[in-house]
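Shown next, in structure tokens, is the structure this report addresses.
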Amino acid sequence: MGVPRIETCRDEVIISGIEPFDLKETLDSGQAFRWNEEDGVFTGVVRRRIIRARQVGDSLVLLGPACDEGIRLAVDYFSLDVDHADIERRLCAMDPIIECAVRSYPGLRLLRQEPWECLTSFILSARNAIPLIRRAVERIARTYGDPIVEEDRVLGGAGESGDGVRYSFPTPGRLASADVLDIVKCGAGFRSQYVKAAAERVASGDIDLDGLRRLDYEDARDRLMSLRGVGEKVADCVLLFSLGFYEAFPIDVWMTRVMRYFYFGGSKVSTATIAQFAREEFGGLAGYAQQYLFHYARKKLASELRGLE
DNA sequence: GCCCAGGTGAAGT
DNA sequence: ACTTCACATGGG
């Protein structure tokens, strides 16, 4: 594959040469929780910046005035530097089931999210529903984060009356000094204490999230699991969605259902058995396999899988 | 009212 | 090691 080609015209930046790429499915695949869609335009907050984007053909179009830093941010966030065609090819060669999932959603990417926001989001995800997770993350940002004033937004919002203001996700330090009861008010429920405790550990430097990249998968995972509210599944989500550990294979209720259905003849299996199978079947691409199977399960198999229990 | 939602920790076999 | 249960909150 070639390097992504970047072309600036007026108030748009067109990034091409990135196929396969599917913006909609990627942002709707349960990785990130701060994106909204309106008329094909997706708006989200990434590391203190607002990104507005839409897909035209195989290209990603960024809306707003061109800015090198913003372009670099988007390329990194959407992993546009990854040879995704090669990844899909290798997955399809593994077995006909994963091939089917990949062919159903070509261009489904793994994002590179900001680790602290990713960790908090998935602590909030435990025994929770996606719309409620989204709302809690947004309320936490609105309560503790900073309003983002972007040239981008000023230019695009000629008749804007203040409602569309977005907020950055708060730093660990800011959440470490929060009152737990105020975090509860954001809708975080029993997970509020976990969020605050994690913020304290990260803010103090006891846990260095970016530093985890230098550890091997097992050690990084153990380190994350020393946080209360972070078990195997949440740890794997953070490793996969923000730290580039593509061998991580988060197993939740959906993955349990779809793996049983496809690979274990519908019989009951433990997460340990599923995890071991995934390692052997998908190896270093287990995380990608997980994302295709998870998305396929939720979008195409929901009714069939619910009845299995 | 009741059940479930991208689980985890603690206590019990 | 494996099983059971509580945990806040809100939507179907």
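In what follows, every chain begins at residue 1, and chains take the letters A, B, ... in the order their sequences are listed.
Picking from dA5(B), dT8(B), dG6(B) the nucleotide with the shortest atom distance to the side chain of Gln290(A) gives dG6(B). In the set dG6(B), dT9(C), dA8(C), the nucleotide with an atom closest to the side chain of Phe190(A) is dA8(C). Of the candidate nucleotides dG6(B), dG10(C), dT8(B), dG10(C) has the atom nearest to the side chain of Leu132(A). Considering only side-chain atoms of Arg228(A), the nucleotide from dG7(B), dG9(B), dA5(B) that sits closest is dG9(B).
Annotation: dA8(C) and dA11(B) have their P atoms spaced 16 Å apart (nearest Å). Spacing between dT4(C) and dG6(B) at atom P, rounded to whole Å, works out to 23 Å.
Rounded to an integer number of Å, the gap from CE of Met255(A) to P of dG7(B) is 13 Å. Between the CH2 atom of Trp254(A) and the P atom of dG7(B) there is a distance of 11 Å, given to the nearest Å. Rounded to a whole Å, the OH atom of Tyr194(A) is 10 Å from the C1' atom of dG7(B). With rounding to whole Å, Phe249(A) atom CZ is found 13 Å from dG6(B) atom C1'. Rounded to whole Å, atom C1' of dG10(C) lies 18 Å from atom CD of Glu138(A). At whole-Å resolution of the value, CD in Gln193(A) and C1' in dA6(C) are 12 Å apart. Atom C1' of nucleotide dT9(C) and atom CZ of Arg191(A) are separated by 7 Å, given to the nearest angstrom. Straight-line distance from the CG atom of Leu124(A) to the P atom of dA5(B): 18 Å, rounded to whole Å.
Using a 4.0 Å cut-off, no side-chain N or O of Arg127(A) falls inside it from OP1 or OP2 of dT9(C). In this model, the phosphate group of dG11(C) is approached by a side-chain N or O of Arg135(A) to a distance below 4.0 Å at OP1 or OP2.
Taking the six-membered ring where tryptophan is involved, the planes of Tyr77(A) and Trp35(A) are tilted, since the angle between them lies from 30° to 60°.
Within the nucleic acid shown, Ile123(A) has no heavy atom closer than 4.0 Å to any nucleic acid atom. At a threshold of 4.0 angstrom between heavy atoms, the contacts of Gly30(A) include nucleobase atoms, whether or not backbone atoms are also involved. In this structure, Ser29(A) reaches the bases: a heavy-atom distance under 4.0 Å links it to at least one base atom across the strands shown.
With centres under 5.5 Å and a plane angle under 30° as the test, the ring of Phe122(A) is not stacked against the base of dG6(B).
Judged by a 6.0 Å distance limit and a 45° cone about the ring axis, Lys300(A) is positioned over the six-membered ring of Tyr105(A).
Taking the nucleotide of DNA chain B with the nearest heavy atom to each of Met225(A) and Cys237(A), the more 5' of the two is matched to Cys237(A).
In this structure, Arg112(A) pairs ionically with Asp81(A), as a charged nitrogen and a carboxylate oxygen lie closer than 4.0 Å.
Side-chain atoms of Asn128(A) come within 3.5 Å of backbone N or O of Leu124(A) as a donor-acceptor pair.
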**Asked** Passes ring-ring contact (aromatic ring centres under 6.0 Å, His included), Tyr144(A) versus Phe169(A)? Steps please.
**Response** CA-CA 8 Å; Tyr144(A) 300 104; Phe169(A) 192 81; 9.4 Å; no
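Note: the hydrophobic cluster containing Ile133(A) does not contain Val184(A) (ILVMFWY, side chain heavy atoms under 4.5 Å, direct or indirect links).
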